[in-house]
Amino acid sequence: MVTKQDFYGQLSHQLRELDQLGFPAERPLNSPQGPEIVLADGRRFVNLNSSNYLGLAANPEVVAAAKAGLDQWGFGIASARIFCGTQVVHHTLEKKISEFLHTEESILYNSCFDVNLGLFEALLSPEDAIIWDSHIHASSVDGIHLCPSKSFPYESNDMVSLKKALIQAEEAGARFKMIATDGVFSMDGIVADLKTICDLADHYQAIVMVDDSHATGVVGKTGRGSHEYCGVMDRVDVITSTLSKALGGASGGFASGRKEIIRTLRHLSHTSMSSNALTPVIAATAIKVIDMISQSNELQRRAVDGADYFRRQLRAAGFNALGQDIPIVPVILGEEKATMEMGRRIYERGVFITGIIFPFQPMGMGMVRTQITAGHTREHLDRAITIFTEVGKGLGIIK
Ligand SMILES: *Cc1c(COP(=O)(O)O)cnc(C)c1O
């Protein structure tokens, strides 16, 4: 007979295997999030590992807005939106998001993970089809699994493959078709080709869903996101995104787009209907954040320009540093063991990063994903570049 002990044995075995993949354990911070962080043992690091792109996670104005929001609205709401979980502050923020993104309406969730889990099933039926980029975020992959529609993945950001998938969906007799993509693929360092996606969507009469979690607030001329960057501000049907990255880094997500879509999510999306409303503290604070970034692009420019500088310097040193116009600089290091050793040595020298290898990356494509924020000074970046260069030379990754 299989025993309960076997279950724990199986978990332990799996945990040892995961350990062998070389992922470091959690390293608790003893400081707020920022360009420099302090660990529990007192060591100080330049931090290139957070999505705090605008540096607002511990910004004094943002913290003050959170305190005021707490005083005005209380700590929790203890109710789903439809019961008594909607406060004026939720509607104010939803309106602000719509204005910021140039969309018709918006709806808040507790996270973008929740949005993506609850969106597809609420909007589509078994007769319909989802045509999805193979590199979309895990939350959308899971959301698509929860949805009974036909499913057609395409090669990431490959427009020939997308076109084929659209034709396949049509041949399979799909009624409605929805294309799902991320706006920015953070591991690949690219912005999705939303212009071509929208053109193909028009031609094949498909609905376009873009998860812009890594772009909202920071990508595009005024930081509206990848739809602004690609010149398709009014052509995306629904954007999903997060408050947990550039927009303050606490938590919370939203969907924003065509009003029929947003209203349907309000009524039919399980992860909104059957979950507590977003805490009002976050809603009040996000209003402040959007006001700040609507008035000035300075933080956005600092993040993108800093990344541009960091990328150029790494390339000059011989690294394969990816990306353009985004605050993310993936650095491909190659072979798994060398990648993990490089990650470890850089970390030992005071730059907080994490090596990422198979199965999260293809074999031989080990990498570190560095993220530059508005709070990083040139001195921080120069220090990191020196360490990357010295360690990379020591390991023979660069010459
Ligand atoms: C971070 C991220 C999410 C999840 O956002 P949360 O609000 O933190 O749950 C979803 N999609 C993408 C593309 C992300 O990068």
Side-chain angles (χ1 to χ4, degrees), residues 19 21-60 62-63 186-187 189 214 218 244-246 248-251 299 302-315 317 319-323 326-333 336-357 360-361 366-395 397-398:
D19 215 33
L21 286 174
F23 256 59
E26 289 175 3
R27 298 159 286 184
L29 315 190
N30 203 12
S31 67
Q33 186 61 274
E36 286 191 34
I37 49 176
V38 181
L39 292 201
D41 62 10
R43 282 195 297 162
R44 180 173 280 276
F45 288 80
V46 173
N47 179 18
L48 300 182
N49 224 180
S50 95
S51 306
N52 179 28
Y53 299 120
L54 300 179
L56 295 174
N59 172 289
V62 171
V63 172
S186 69
M187 306 291 262
H214 278 291
V218 68
S244 77
K245 292 188 169 106
S251 63
L299 297 175
R302 282 226 294 267
V304 173
D305 290 349
D308 198 44
Y309 174 77
F310 190 65
R311 194 180 287 120
R312 264 188 287 120
Q313 298 298 316
L314 285 184
R315 282 179 185 162
F319 283 104
N320 183 9
L322 310 180
I326 58 174
I328 305 163
V329 185
V331 187
I332 303 294
L333 299 172
E336 284 60 41
K337 251 186 118 138
T339 298
M340 292 320 283
E341 183 58 19
M342 173 116 183
R344 198 186 61 75
R345 289 192 196 179
I346 289 174
Y347 177 77
E348 287 305 320
R349 292 195 51 188
V351 178
F352 201 98
I353 54 161
T354 312
I356 302 172
I357 57 173
F360 302 95
Q361 275 289 98
M367 61 156 342
V368 289
R369 179 184 66 178
T370 62
Q371 296 165 289
I372 310 303
T373 72
H376 287 105
T377 61
R378 285 297 146 101
E379 192 276 322
H380 288 134
L381 299 180
D382 285 338
R383 205 186 322 159
I385 290 156
T386 302
I387 292 171
F388 265 76
T389 307
E390 288 176 8
V391 172
K393 277 186 181 156
L395 286 168
I397 289 176
I398 55 169

S251 versus S244, closest heavy-atom pair with distance: CA-CB, 3.9 Å
Any side-chain heavy-atom pair of V304 and Y53 under 4.5 Å: no
Nearest-0.5 Å distance, CG of residue L48 to CD1 of residue I353: 7.5 Å
Non-hydrogen atoms of P32 and A58 that approach each other most closely: CB-CB, 3.9 Å
pair S51-H214: side-chain heavy atoms closer than 4.5 Å: yes
Polar side-chain atom of N52 near backbone of L56 as donor-acceptor pair, under 3.5 Å: yes
Rounded distance (nearest 0.5 Å) linking atom CZ of R302 with atom CD1 of I372: 13.5 Å
Residue pair L29 / L39, side-chain heavy-atom distance below 4.5 Å: yes
Ring-face cation of R27 near F45 (centre distance under 6.0 Å, axis angle within 45°): no
Contact summary for E341 and L395, nearest pair of heavy atoms: CG-CD2, 3.7 Å
Test item: R315 side-chain N/O and A321 main-chain N/O as donor-acceptor pair under 3.5 Å: yes
From CA spacing to verdict: side-chain hydrogen bond (donor to acceptor under 3.5 Å, both in side chains), Q33, N47: CA-CA 9 Å; Q33 186 61 274; N47 179 18; 2.8 Å; yes
Any side-chain heavy-atom pair of H380 and T373 under 4.5 Å: no
Selection residues 28-38 - residue pairs positive for salt bridge (charged side-chain N to carboxylate O under 4.0 Å, His left out), sequence neighbours left out: E36-R44, E36-R383
Nearest non-hydrogen partners of R369 and S186, listed with the distance: NH1-OG, 2.7 Å
Side chains of F319 and V329 in contact at under 4.5 Å (non-hydrogen atoms): no
Partners passing salt bridge (Lys or Arg N to Asp or Glu O under 4.0 Å) against E390 (at least two apart in sequence or in another chain): R349
Nearest-0.5 Å distance, CD1 of residue I326 to CD of residue Q371: 10.0 Å
Atom pair CD1/OH of I385 and Y309 - distance to nearest 0.5 Å: 5.0 Å
Reported CZ-to-CG distance for the pair F388 and L314, which is rounded to 0.5 angstrom: 6.0 Å
R43: partners by salt bridge (Lys or Arg N to Asp or Glu O under 4.0 Å), with sequence neighbours left out: D41, E348
CG on D382 to OG1 on T389, rounded to 0.5 Å: 10.0 Å
Nearest atoms (heavy-atom pairs only) where E336 meets G366: OE2-N, 4.4 Å
side-chain contact (heavy atoms from CB on, under 4.5 Å) partner of L333, chosen from M340, Q361, M342: M342
